[in-house]
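Take a look at the structure below.
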Amino acid sequence: MAKKIQKATTTADGRRRTDERRRGKDRRAGSRKGPEAREGAITMLVATTNAHKLKEILSLLKNLPIHVKTLKDFSDVKIPVEDGSTFAENARAKALHYAKMTGLTTMAEDSGFEVDALNCEPGIYSARYLRPDATYPERFEAIYSELRKRRVKTSGARFVCALALASGGKITFETKGVVEGQLAAQPAGTGGFGYDPIFCYPPYGKTFAEVSPEEKTAVSHRGEAIRALRSHLEQKLNTLPKSQTR
Ligand code: ITT
């Protein structure tokens with residue numbers, strides 16, 4: 001019996017020491033592990049290396065009572081290889097990778113621009129279309145040149161955003177946002193980023209680069225996906241015991 005008590009004490013002591021060592025390590029690594037447990041409320045990593053995407057996502061998550069971390073808090077974390085064959089596969093892989101590397105509930109999204117007349121290219125290759133270091137004007141010209149080759153004047157086009165939330169090695173939420181439109185006759189506008197100057201949104205009669213950030217996200221693929229994530233998180237927060245939220 002005495003032996004049992006001794007063993008239990010040793011185990012508990014050992015665990016406490018381990019936890020203390022881990023907490024010290026967490027502080028040194030920029031809260032790499034365990035902040036959810038420490039703070040009680042939801043901490044979520046927004047895992048994107050794209051500053052434009054990040055700005056849109058953060059503005060869409062505004063006023064949600066969660067602690068948001070970005071990859072700036074984890075500068076030494078490696079970027080995952082994106083070798084999925086769909087937006088959803090890539091989004092899941094990114095979310096699981098960054099969640100594993102940081103120990104945080106993590107959201108990631110994979111998005112892109114699809115042109116019907118080009119068999120939905122650039123699609124999942126949007127960020128590296130033509131060449132990884134190509135400029136967007138070069139990419140636009142490549143798209144228009146492909147259309148000229150096919151003797152096509154115009155085409156339907158869309159932006160797609162697949163979003164995944166990962167926690168504890170699992171995907172806990174997934175959604176997809178799509179905005180349908182037309183390939184613009186020529187690039188127009190200076191706002192936004194990426195393919196925005198060549199995506200015409202018919203209800204506005206303008207490209208996404210010609211409208212305000214608010215007008216874009218009110219109807220965009222990313223706006224739709226993040227609004228669904230917001231509802232999911234709000235629901236999750238409502239089911240947490242009061243003592244775990246603040
Ligand atoms: P992360 O993987 O780190 O999030 P990334 O830019 O590599 O960053 P993706 O692989 O999802 O992200 O590629 C998205 C590309 O799709 C992006 O670089 C643009 O070329 C295009 N894109 C996506 N959303 C867009 C938007 O709202 N406006 C214009 N272009 C967009």
Could you give the distance from [atom1] ([X]) to [atom2] ([Y]), rounded to the nearest 0.5 Å?
X: Thr175; Y: Arg227; atom1: OG1; atom2: CZ; answer: 11.0 Å
X: Ser231; Y: Lys236; atom1: OG; atom2: NZ; answer: 14.0 Å
X: Phe199; Y: Gln182; atom1: CZ; atom2: CD; answer: 9.0 Å
X: Thr207; Y: Ile198; atom1: OG1; atom2: CD1; answer: 10.0 Å
X: Asp196; Y: Thr190; atom1: CG; atom2: OG1; answer: 11.0 Å
X: Ile66; Y: Thr43; atom1: CD1; atom2: OG1; answer: 8.5 Å

Fill in: Contacts of Thr49 that satisfy side chain to side chain contact (heavy atoms under 4.5 Å, CB included) - sequence neighbours left out
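Partners of Thr49 by the side chain to side chain contact (heavy atoms under 4.5 Å, CB included) criterion, ordered by chain and then number, come out as Leu71, Ile79, Tyr98.
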
Which heavy atom of [X] sits nearest a heavy atom of [Y], and at what distance?
X: Asn50; Y: Thr48; answer: N-OG1, 3.0 Å
X: Ala117; Y: Val152; answer: CB-CG1, 3.9 Å
X: Ala95; Y: Ala164; answer: CB-O, 3.6 Å
X: Ala209; Y: Ala188; answer: CB-O, 3.5 Å
X: Thr106; Y: Ala99; answer: OG1-CA, 3.3 Å
X: Ser167; Y: Thr172; answer: CB-CG2, 4.0 Å

Are [X] and [Y] grouped together when hydrophobic residues (ILVMFWY) are joined by side-chain heavy atoms under 4.5 angstrom apart?
X: Ile171; Y: Leu163; answer: no
X: Leu60; Y: Val219; answer: no
X: Val46; Y: Leu233; answer: yes
X: Tyr125; Y: Leu130; answer: no
X: Val211; Y: Leu183; answer: yes

Determine whether [X] and [Y] make a side-chain contact, defined as any pair of heavy atoms from C-beta on separated by less than 4.5 Å.
X: Lys176; Y: Val160; result: yes
X: Glu89; Y: Ile124; result: no
X: Tyr144; Y: Pro187; result: yes
X: Pro80; Y: Leu96; result: no
X: Arg158; Y: Cys120; result: yes
X: Leu45; Y: Asp73; result: no
X: Met44; Y: Leu104; result: no
X: Phe208; Y: Val179; result: yes

Discussion item. Salt bridge check, Glu215 against Lys206: does any charged N sit closer than 4.0 Å to a carboxylate O?
Written reply: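 No, Lys206 and Glu215 are not salt-bridged.
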
Is the backbone of [Y] close enough, under 3.5 Å, to the side chain of [X] for a donor and an acceptor to pair up by distance?
X: Ser126; Y: Gly123; value: yes
X: Lys100; Y: Gly169; value: no
X: Arg222; Y: Gly177; value: no
X: Asp116; Y: Ser155; value: no
X: Glu224; Y: Val178; value: yes
X: Asn90; Y: Phe87; value: no
X: His97; Y: Lys78; value: yes

Item to complete: Show your working on side-chain contact (heavy atoms from CB on, under 4.5 Å) between Glu138 and Arg131 and close with a plain yes or no.
Response: CA-CA 9 Å; Glu138 286 174 328; Arg131 300 185 311 277; 2.9 Å; yes

Item to complete: Dump the intermediate steps for salt bridge (Lys or Arg N to Asp or Glu O under 4.0 Å) on Glu56 and Lys53, then the final yes or no.
Response: CA-CA 5 Å; Glu56 289 190 4; Lys53 275 167 60 163; over 6 Å; no

Worksheet item: Going through the checks in order, is the salt bridge (Lys or Arg N to Asp or Glu O under 4.0 Å) test met by Asp110 and Arg92?
Response: CA-CA 9 Å; Asp110 199 62; Arg92 278 182 220 127; over 6 Å; no

Discussion item. Considering only residues two or more places apart or on different chains, which pairs with a residue in residues 164-198 satisfy ring-ring contact (aromatic ring centres under 6.0 Å, His included)?
Written reply: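 ring-ring contact (aromatic ring centres under 6.0 Å, His included) check on residues 164-198 returns His52-Phe193, Phe113-Tyr195, Tyr136-Tyr195, Phe173-His232.
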
Fill in: side-chain contact (heavy atoms from CB on, under 4.5 Å) between Glu109 and Ile57, worked out
CA-CA 10 Å; Glu109 59 100 300; Ile57 294 167; 4.3 Å; yes

